[in-house]
Q: 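Here it is, the structure, as structure tokens.
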2 protein chains.
Amino acid sequence: MQNRQIPALKESHNPLSINSEWIGREYCENCHFCKLFSAEPLGSDDANSPQPVDHFLFPSGSVIYNNNTHRKFIYTIRHGMVKLTNNAHNGGSRIVRLLGPGDSIGLELLVGNNSYHHTAVAVDNVDVCRIPVSFIKKTIAERPSLHNQISHQLQNQLDLADQWIVALGTGTARQRVAHLLLLLDGFFADGNGAFTLINREDMAAVIGTTVETVSRMIAEFKRQNILCKYKSKNSLYTCNTSMLNTITLNA
Amino acid sequence: MQNRQIPALKESHNPLSINSEWIGREYCENCHFCKLFSAEPLGSDDANSPQPVDHFLFPSGSVIYNNNTHRKFIYTIRHGMVKLTNNAHNGGSRIVRLLGPGDSIGLELLVGNNSYHHTAVAVDNVDVCRIPVSFIKKTIAERPSLHNQISHQLQNQLDLADQWIVALGTGTARQRVAHLLLLLDGFFADGNGAFTLINREDMAAVIGTTVETVSRMIAEFKRQNILCKYKSKNSLYTCNTSMLNTITLNA
DNA sequence: CGAGGGGTTGACGCCGATCAAAGCTGGTGG
DNA sequence: CCACCAGCTTTGATCGGCGTCAACCCCTCG
């Protein structure tokens, strides 16, 4: 029987056994919350107490948090890529967002029933600040401007989600893969315009097709030099964005 | 050539000539913002000035606002259903959200470059409160608790968008239509558990298929008595949610 | 060197897009 | 009242994209 069921991600992608590495306790220069914290000194009563912002490394493939679990931390990404997955109740799984440096995850703990709404997994080696919800709430109370940061983050993720629906959920597999490559190129390219290609399984979970279909499209793009290895090392790639854009438009 | 292109909605669905009807100037009992406004009296300087919250009726099919336009109003829905559409840049169009009473639209004006991120169209006759952005911002300044309302709305819409990606963008056409019916039944059913079926074109724009495919699925569900006319009048329907749920799971 | 995981490619069949035509329904005018 | 029309819905026929299953390649690691 043929259906568009997305297979559940293999266990190898959720290796709970891989532990994150605690790096230190510090303010972060690269994320909104931490920047705010460090930019404006806190109230005098807090000035002496150590700030509970921890810095963690999550190795590629490790789980940052699980859907529906009740923990008390929000994370901001300093470096690397994080995927947020939702498992459809039929057993499948779908990636609903790819996030990178500057993005915050787990914001849903600030409103509602304080359980995570996704499973967050490190796509590559990920570098995060872990901030306790209680600390954010306390800080908000004494500095309402933080609210704007949160609204911005939420609105930004909402825009991403809508873009996801339209660009990655519409059109042929060929068009969707083209869209995904443009997204990776736009958001995750390094200074040289090269980006790391995520694996086929993740690509399939992003655009809602099978691994084989994605592989065919990627292989075809490689053969057409639309997608080129940038350096043999590290699976860095560059892409011809104008050709991808035309593919996006036509078929 | 076969592709999953979504055709642009016909002009009949964007009849700018249909004008909204101004009803009055009043506080709304049915929406968060207005409820807040009326629950807690504003500062003394505002108490005497008339509140600029207007009440409008938008007839079915009329445009509430257009994507990328710069206007200065946020709307909260009192009654009826509103669709938010995004046109993929290849000319197609896709419905990214269906919203109903209690939901707010246009919140993106509160952050960023104050232009709307979608086109909002009344699916049936819609009853809204129109609130100026400047008024909301002013009110927020003197009552930061409103921030929580906004965060809630944003988080709620983010959850809806994610659900949209997973439930309505994954699986066979049959499964997606089943999901859509469950969504309509869950969110838009009246006291008797009956809901108004949206037209096939909108359904197709929701789940990302063609009108014909949707029609086939709906017709099949009708024949199987999974979807039944509730009253001959007004295209009200009821559905067998348990059977729809099993369809959702299988194929 | 064998094992295992990820990527690529092939063969085949089905779902759903496409094109086409015929019912249905509500609105309009004679 | 009916004829007529426009728009929506339904149904049929055809065919291409993509899901499915399977084999094979390549790389890494024990």
Side-chain angles (χ1 to χ4, degrees), chain A residues 1-7 9-15 60-61 90 92 123-124 169-178 196-205 207-224 227 229 232-235 237 247 250-251, chain B residues 1-15 60-61 90 92 94 123-124 168-178 196-205 207-224 227 229 232-237 247 250-251:
Chain A
M1 158 202 359
Q2 182 197 34
N3 58 14
R4 201 163 299 235
Q5 222 68 270
I6 309 300
L9 295 180
K10 298 208 192 95
E11 190 55 34
S12 64
H13 278 217
N14 292 334
S60 172
N90 51 10
V123 175
D124 47 13
T170 305
T172 63
R174 185 182 169 75
Q175 290 173 299
R176 298 194 212 186
V177 172
T196 309
L197 213 53
I198 64 178
N199 67 35
R200 304 295 169 268
E201 187 178 359
D202 281 343
M203 297 184 77
I207 65 174
T209 61
T210 59
V211 173
E212 293 92 332
T213 299
V214 170
S215 178
R216 275 180 244 271
M217 299 302 151
I218 291 293
E220 181 188 336
F221 289 160
K222 284 183 188 169
R223 278 192 295 266
Q224 298 172 340
L227 185 67
K229 250 194 183 358
S232 54
K233 197 68 190 156
N234 209 5
S235 74
Y237 283 85
I247 289 172
N250 302 330
Chain B
M1 158 203 359
Q2 181 197 35
N3 58 13
R4 203 164 299 232
Q5 221 68 269
I6 309 301
L9 294 181
K10 298 208 192 95
E11 189 55 33
S12 65
H13 278 218
N14 292 335
S60 171
N90 50 10
R94 185 104 191 242
V123 175
D124 47 12
L168 300 173
T170 306
T172 63
R174 186 182 168 74
Q175 289 174 300
R176 297 194 211 185
V177 172
T196 309
L197 214 52
I198 63 179
N199 67 35
R200 305 296 169 268
E201 187 178 358
D202 282 342
M203 296 183 77
I207 66 173
T209 61
T210 58
V211 174
E212 294 92 330
T213 298
V214 170
S215 178
R216 274 181 243 272
M217 299 302 151
I218 291 293
E220 181 188 336
F221 288 161
K222 283 182 189 170
R223 278 191 295 265
Q224 299 172 339
L227 185 67
K229 251 194 184 354
S232 54
K233 197 69 190 156
N234 209 3
S235 73
L236 278 179
Y237 283 85
I247 289 171
N250 303 329

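First the proteins, then the strands, lettered A, B, ... as listed; each starts at 1. Predicted model, so just to flag it, every value in this text is computed and none were measured.
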Q: Kindly say whether Met217(B) contributes a backbone atom to a donor-acceptor pair with the side chain of Arg174(B) at under 3.5 angstrom?
A: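 Checking the backbone N and O of Met217(B) against the side chain of Arg174(B), no donor-acceptor pair under 3.5 Å is found.
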
Q: Could you tell me the separation between the CD1 atom of Ile218(B) and the C1' atom of dG23(C), rounded to a whole number of Å?
A: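 These atoms are roughly 18 Å apart.
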
Q: What nucleotide among dC18(D), dA17(C), dG19(D) has an atom nearest to a side-chain atom of Met217(A)?
A: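 Minimum distance to the Met217(A) side chain belongs to dC18(D).
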
Q: Between the side chain of Ser60(A) and the main-chain N/O of Val123(A), is any donor-acceptor distance below 3.5 Å?
A: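 Between the backbone of Val123(A) and the side chain of Ser60(A) there is a qualifying donor-acceptor contact (under 3.5 Å).
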
Q: What's the CG-P distance between Leu197(A) and dG7(C), to the nearest Å?
A: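 So the two atoms are 9 Å apart, to the nearest Å.
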
Q: Listed by chain and number, what are the side chain to side chain donor-acceptor pair (under 3.5 Å) partners of Ser215(B), not counting sequence neighbours?
A: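 Side chain to side chain donor-acceptor pair (under 3.5 Å) list for Ser215(B), sorted by chain: empty.
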
Q: Quick check: closest heavy atoms across Ile198(B) and Met203(B), and the distance to 0.1 Å?
A: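 Smallest interatomic distance, heavy atoms only, reads CG1-CG, 3.4 Å.
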
Q: Looking at Arg200(B) and Ile218(B), what are the two nearest heavy atoms and their distance?
A: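 So the two residues come closest at NH2-CG2, 3.7 Å.
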
Q: Which whole-number value in Å describes the distance from Asp202(A) CG to dG7(C) C1'?
A: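 Nearest whole value for this atom pair: 14 Å.
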
Q: Please give me the minimum heavy-atom distance between Glu201(A) and Val211(A), naming the atom from each residue.
A: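 Nearest pair, atom of Glu201(A) first, then Val211(A): CA-CG2, 3.9 Å.
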
Q: Counting distance only, does the side-chain N/O of Arg176(B) pair as donor-acceptor with the main-chain N or O of Thr209(B) below 3.5 Å?
A: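 A pair under 3.5 Å: no.
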
Q: Enter the inter-axis angle for the ends of the helix from dC1(C)-dG30(D) to dG30(C)-dC1(D) (five pairs per end, rounded to 10°).
A: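 Inter-axis angle at the termini of the helix from dC1(C)-dG30(D) to dG30(C)-dC1(D): 30°.
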
Q: Can you name the closest pair of heavy atoms from Thr170(A) and Arg94(B) and give their distance?
A: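 In terms of heavy atoms, the two residues are closest at OG1-NH1, 2.8 Å.
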
Q: Expressed in angstrom and rounded to an integer, what is the separation of Arg200(B) atom CZ from dC24(C) atom C1'?
A: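 In whole Å, dC24(C) C1' lies 12 Å from Arg200(B) CZ.
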
Q: Between atom NZ in Lys229(B) and atom C1' in dT9(D), what is the gap in whole Å?
A: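 Going from NZ in Lys229(B) over to C1' in dT9(D) covers 11 Å.
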
Q: Strictly below 4.0 Å: does Lys222(A) bring a side-chain N or O up to OP1 or OP2 of dG7(C)?
A: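 Answer no for this pair, as no side-chain N or O of Lys222(A) is under 4.0 Å from OP1 or OP2.
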
Q: Please report, rounded to the nearest Å, how far the P atom of dG16(C) is from the CD1 atom of Ile207(B).
A: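 These atoms are roughly 9 Å apart.
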
Q: Starting at CD of Gln224(B) and ending at P of dT10(D), how long is that distance when rounded to a whole Å?
A: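 My rounded result for the distance is 14 Å.
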
Q: Taking all heavy atoms of Thr213(B) and all of Ala173(B), pick out the closest pair and write down the distance.
A: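 Scanning both residues, the minimum pair turns out to be CG2-CB, 3.5 Å.
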
Q: Give me, pair by pair, the N or O atoms of the protein and of nucleotides 11-14 of chain D that are less than 3.5 Å apart, along with how far apart they are.
A:
from, atom 1, to, atom 2, distance (Å)
dT11(D), OP1, Arg223(B), NH1, 3.1
dT11(D), OP2, Arg223(B), NH1, 2.9
dG12(D), N7, Arg216(B), NH1, 3.1
dG12(D), O6, Arg216(B), NH2, 3.2
dA13(D), N6, Arg216(B), NH2, 3.4

Q: Among dA17(C), dT9(D), dC18(D), which nucleotide sits nearest the side chain of Thr210(B)?
A: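 Nearest nucleotide to the side chain: dA17(C).
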
Q: Counting only side-chain N and O atoms of Arg174(B), is one of them less than 4.0 Å from OP1 or OP2 of dC15(C)?
A: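 Answer no for this pair, as no side-chain N or O of Arg174(B) is under 4.0 Å from OP1 or OP2.
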
